[in-house]
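Just below is one structure, and these are the notes that go with it.
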Amino acid sequence: MNPLSPYLNVDPRYLVQDADEFILPTGANKTRGRFELAFFTIGGCCMTGAAFGAVNGLRLGLKETQNMAWSKPRNVQILNMVTRQGALWANTLGSLALLYSAFGVIIEKTRGAEDDLNTVAAGTMTGMLYKCTGGLRGVARGGLAGLTLTSLYALYNNWEHMKGSLLHQSL
């Protein structure tokens, strides 16, 4: 019996991958931290905002120019609306993601822990700061919106864990 593979001319025992694929420095986590994820979050929110704004701008542009004949001025007006709305939404969502990520990193470094409390606190502080120009009522509304959205995200993110823990308690 020949241990060599007839196709690769390699001993198949060397191809077993029972160990991790990447070598991590001593003490490093296998997951990305909040600071590393901040760049993905900010970029993803900017791109999502640009796409949503472009679609919204197309809708608004077609609605505002529906009485015009198809011509260059109508096309230019529609394109202007698409680019204006795309940039507006990308800037808005990107700013929110930047604030959320900055607050999240600061809270994580301050507390020394990474949990859902950081997420909820960062979302609440982001909403409060983003709406601070609206006075005390605006701060309260922004904070409540941030608290609600990040609490729903935390519940969704931990749903399987909570469901398993409730099932374990009922047994």
Side-chain angles (χ1 to χ4, degrees), residues 19-64 78-171:
D20 291 335
E21 190 173 339
F22 300 104
I23 299 172
L24 297 172
T26 305
N29 292 335
K30 290 186 179 184
T31 60
R32 294 179 187 229
R34 191 176 280 271
F35 183 71
E36 289 174 301
L37 292 175
F39 297 103
F40 170 76
T41 303
I42 296 166
C45 284
C46 283
M47 297 301 289
T48 302
F52 179 78
V55 170
N56 190 37
L58 180 64
R59 181 188 63 83
L60 290 174
L62 289 173
K63 183 179 175 183
E64 286 185 11
I78 292 171
L79 285 174
N80 284 343
M81 189 65 76
V82 166
T83 55
R84 189 179 310 125
Q85 288 292 313
L88 175 79
W89 279 91
N91 190 16
T92 301
L93 289 183
S95 298
L96 285 170
L98 177 67
L99 289 173
Y100 169 75
S101 297
F103 281 134
V105 169
I106 291 169
I107 292 169
E108 178 186 355
K109 298 299 180 193
T110 303
R111 288 187 62 226
E114 173 53 43
D115 55 9
D116 290 326
L117 183 60
N118 295 354
T119 300
V120 173
T124 304
M125 291 171 61
T126 298
M128 291 171 68
L129 183 62
Y130 190 74
K131 287 296 187 177
C132 71
T133 58
L136 196 55
R137 182 170 283 165
V139 169
R141 284 183 183 164
L144 183 63
L147 176 71
T148 303
L149 289 173
T150 52
S151 295
L152 289 173
Y153 171 74
L155 284 173
Y156 171 76
N157 201 26
N158 294 319
W159 186 254
E160 291 298 321
H161 177 68
M162 289 181 356
K163 191 167 71 171
S165 121
L166 289 175
L167 180 65
H168 182 66
Q169 287 177 356
S170 67
L171 294 177

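This structure is a prediction, so every number in the text was calculated from the model and none was measured.
Using a 4.5 Å heavy-atom cutoff, the side chains of S101 and I42 are in contact. Side-chain contact between R34 and I107 is absent, with no heavy-atom pair separated by less than 4.5 Å. By the 4.5 Å heavy-atom criterion applied to side chains, L58 and M81 are not counted as neighbours.
Atom-to-atom distance recorded for R84:CZ and L60:CG is 10.0 Å, nearest 0.5 angstrom. Distance CG/N157 to OG1/T119: 7.5 Å, rounded to 0.5 Å. Rounding to the nearest 0.5 angstrom, the gap separating the CZ atom in F39 from the CG atom in L98 is 10.0 Å. With rounding to the nearest 0.5 angstrom, the CG atom of D116 is 8.0 Å from the OH atom of Y153. For the atom pair SG of C46 and CG of N91, the computed distance is 7.5 Å after rounding to the nearest 0.5 Å.
At least one donor-acceptor pair under 3.5 Å links the side chain of T83 to the backbone N or O of N80.
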Using the rule given for side-chain hydrogen bond (donor to acceptor under 3.5 Å, both in side chains), can you reason through E108 versus N118, listing the C-alpha separation, both sets of side-chain angles and the distance that settles it, and then say yes or no? CA-CA 6 Å; E108 178 186 355; N118 295 354; 5.4 Å; no

Return all side-chain donor-acceptor pairs below 3.5 angstrom for residues 124-138, not counting sequence neighbours, or 'none' if the list is empty.
| residue | atom | partner | partner atom | Å |
| --- | --- | --- | --- | --- |
| T124 | OG1 | V120 | O | 2.8 |
| T126 | OG1 | Y100 | N | 3.3 |
| T126 | OG1 | A122 | O | 2.7 |

